[in-house]
Amino acid sequence: MSTLSVDQEPVDLYQPSSAALAAATIKNRAEQTQIAAGNLEGFWAERASEYEWFEPWEKVLDDSRAPFYQWFVGGKVNIVANCLDRHCSTWRRNKLALIWEGETGEVRTYSYHALNREVCMFANVLRSMGVHKGDRVTIYMGRVPELPVAMLACAKIGAVHSVVYGGFSVEALHERIEDSQSNVVITCDGGYMNGKIVELKKISDEAIRRAGSVEHVIVVKRTAHEVPMESGRDYWYHDLMSLPVARTASGNSRCETEVMDAEDPLFMLYTSGTTGKPKAIVHSHGGYMVGVGTTLKWVFDLKEEDRWWCAADPGWITGHSYIVYAPLLLGATSFMYEGAPTYPYPNRWWSMIEKYGINVLYAAPTAIRGLMRFGEAWPNRHDLSSLRLLGSVGEPINPEAWRWYYRVIGKERCPIMDTWWQTETGMFMITPLPETSLKPGSATFAFPGVEADIYGENGQPVGPGEEGFLVLKQPWPAMLRTIYNDPDRYVQQYWSRFPGVYFTGDSARRDSDGYFWIIGRVDDVIKVSGYRLGTAEIESALVSHAAVAEAAAIGLPHDIKGNAIHAFVILRSGAEYTDQLINELKAHVVHEIGPIANPERIEIVQQLPKTRSGKIMRRVLKARALGLPEGDLTTLEE
Ligand code: PRX
């Protein structure tokens, strides 16, 4: 480690370890960036040629309808043909695709053959229920192996999965079922989390009652506690899988993989933005496959002999791209667990790394900070020597947590890949490669073929050290294609702030060595423990309570969570402030959105700062709460 002066502040510079550099597979960023700069289409075509296509593409990138970019136009493909089918015709059919450990201690493993068989059978079940190419299927499950099975089964038959994170609750789920017009919902009777059961079926029932479009509900038995099953609508997963419909007419467990256009939608995933209504980001079969496969291979040097652990939830983009699709594309073994990092003890993670011989751990800073609290003794009890690389995602990692992760978990051997990306980007965008010299807290540089910049208000690039808006100036294959049913919002949200470039919603700066430092969101999105929530969603949950007239929510810094939700509420006349009411309001938000949206603090106020046109000025609330200058108040109402 050496020290280097950047913007007057000394910053540690961590050189890549010789072990990381020794691998012949490590890519040189500068070299690859230059290749991509000279021929972007050629660069991505070479990556795409590593996968199997039913029919080759005619054009790599079609920008004639920008910003509705199209990739690998004319190509016929199915991501599942590359995640499963192609491995099953090689020796890899016998290697582990998935290892799963439940919170209650049980372990399940799937070889590529076994996973493929389960996916084929469930795909047959879905087809028999009338699910066709292009239909949307909502998946609302705990972290169990049947979740990736359900995703892959949908993709195999060309249905579009819409996974709703199992930590969301009734209203969040209802909105997502309704917006996607799903006829089929796949759920669990319950899920284990921190020693308790999350009532997934009960929440589904209430959400489905509010939504009305759902014809079939498939329920995976996980906890075996009593749940009501509605006759003619609800079916147990294990019952369906034992029926003849799970098999072909000749009785075998195969299923034909649907031939898709490269641009056909693979999935939609709801994420929070500036308005109250979450938007469904749409990803495609072809470009997404090439983007996630390439980035996992290059950033984590992931090889088929590796055991990879992405500790996210499959219900978020991190899990879609890097628990399910990318590791399977590479023929690696993906590890997945149910539960929480600190239950039953704060060594759960470290014991699993030792037990399963994990080679790469990819986790969120909030989890690292949470585990750091318990001290070094917990990880030091375990043999972590199988680790080769570490990763970070979801929010900026503070240098203190970075150094702890590097020293205590990686034993100063494992480089940390701090990957900046979004639901919308599908794949890592700003990230080190194993050969990159690292600065704790910086996501370093753009991935080859990705052009990132920082703009000022006027749309001009800012100088070194200056803060501005992070933008992406060139399309990339795993980019979102649109917002489901709302193409105008896609254009308006991402491509209008600075015409022709993609607006990320983040602020950042670049130091004099060109390293990117992500600062945070500039819109009404709050990252709580790395989870993305919209202030408007929290506010609308609050005002749906009978005692609340108006509400405003902001994020304030929090040691472990990164940000915590603070809400300001104006009560309806007749409602009275009591501690009990505050607790009731918090419980109401949890019931409507989920535990991740639980406000840290709710304050009853008489007034909210608003513009003359009636918009709540959240930045003023935030400045006041932090004791900072309130800035320009000319638009503030009298
Ligand atoms: O603010 C950035 C932050 O997470 C946002 C995207 O959130 P989401 O769509 O939920 O995807 C999270 C997982 C990819 C970004 O706009 N973010 C993500 N990764 C980082 C980050 N902030 C700083 N450093 C990162 N590595």
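The structure displayed is predicted, hence computed values, not measured ones.
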message = Under 3.5 Å, is there a donor on one side chain and an acceptor on the other for Thr223 and Asp189?
response = yes
Within 45° cone of Trp53 ring axis and under 6.0 Å: Lys76 NZ or CZ = no
query = Do Ser272 and Glu537 have side-chain N/O donor and acceptor atoms under 3.5 Å apart?
reply = yes
request  = Drop me the distance from Tyr110's OH to Glu118's CD, to the nearest 0.5 angstrom.
outcome  = 5.0 Å
key: Thr248 side chain to Asn252 side chain, donor-acceptor N/O pair below 3.5 angstrom   = yes
request  = Please confirm whether the backbone N or O of Leu84 pairs with a side-chain atom of Asn116, one donor and one acceptor, at under 3.5 Å?
outcome  = no
task = For residues Trp349 and Trp309, establish whether the separation of their ring centroids is below 6.0 Å.
result = yes
ask   = Under the criterion ring-ring contact (aromatic ring centres under 6.0 Å, His included), which of Phe168, Tyr322, Tyr270 is the partner of Trp316?
value = Phe168
message = Can you tell me which residue among Ile323, Val324, Val393, Val360 is in a side chain to side chain contact (heavy atoms under 4.5 Å, CB included) with Cys310?
response = Ile323
inquiry  = Assess whether a salt bridge exists between Lys27 and Asp301, defined as any Lys/Arg side-chain N lying under 4.0 Å from an Asp/Glu carboxylate O.
reply    = no
query = Can Arg143 be said to sit on top of Tyr337's aromatic six-ring, NZ or CZ under 6.0 Å from centre and within 45° of the ring axis?
reply = yes
Centroid-centroid under 6.0 Å between Tyr362 and Trp308 rings = yes
request  = Would you indicate whether Lys95, at its atom NZ, is surrounded by more than 12 heavy atoms from other residues, nucleotides or ligands within a distance under 6.0 Å?
outcome  = yes
task = Please report the C-alpha distance between Glu206 and Arg210 in whole Å, then the side-chain angles of each, then the deciding distance to 0.1 Å, and finally whether the salt bridge (charged side-chain N to carboxylate O under 4.0 Å, His left out) criterion is met.
result = CA-CA 6 Å; Glu206 200 177 330; Arg210 291 187 197 182; 3.3 Å; yes
query = Without hydrogens or angle criteria, can the side chains of Arg86 and Tyr51 be said to hold a donor-acceptor pair below 3.5 Å?
reply = no
request  = Examine the side chains of Ser284 and Arg481 and answer whether a donor and an acceptor come within less than 3.5 Å of each other.
outcome  = yes
request  = Indicate whether any N or O donor in one side chain lies under 3.5 Å from an N or O acceptor in the other, for Thr187 and Ser204.
outcome  = yes
query = Among Glu103, Glu199, Glu106, which one satisfies salt bridge (Lys or Arg N to Asp or Glu O under 4.0 Å) with Arg222?
reply = Glu106
request  = For Asn347 and His382, test the side chains for any donor-to-acceptor distance below 3.5 angstrom and give the result as yes or no.
outcome  = yes
task = Run through Tyr165, Tyr325, Phe267 and flag the one making a ring-ring contact (aromatic ring centres under 6.0 Å, His included) with His320.
result = Phe267
message = I want to know whether Trp298 and Phe447 have ring centres closer than 6.0 Å.
response = yes
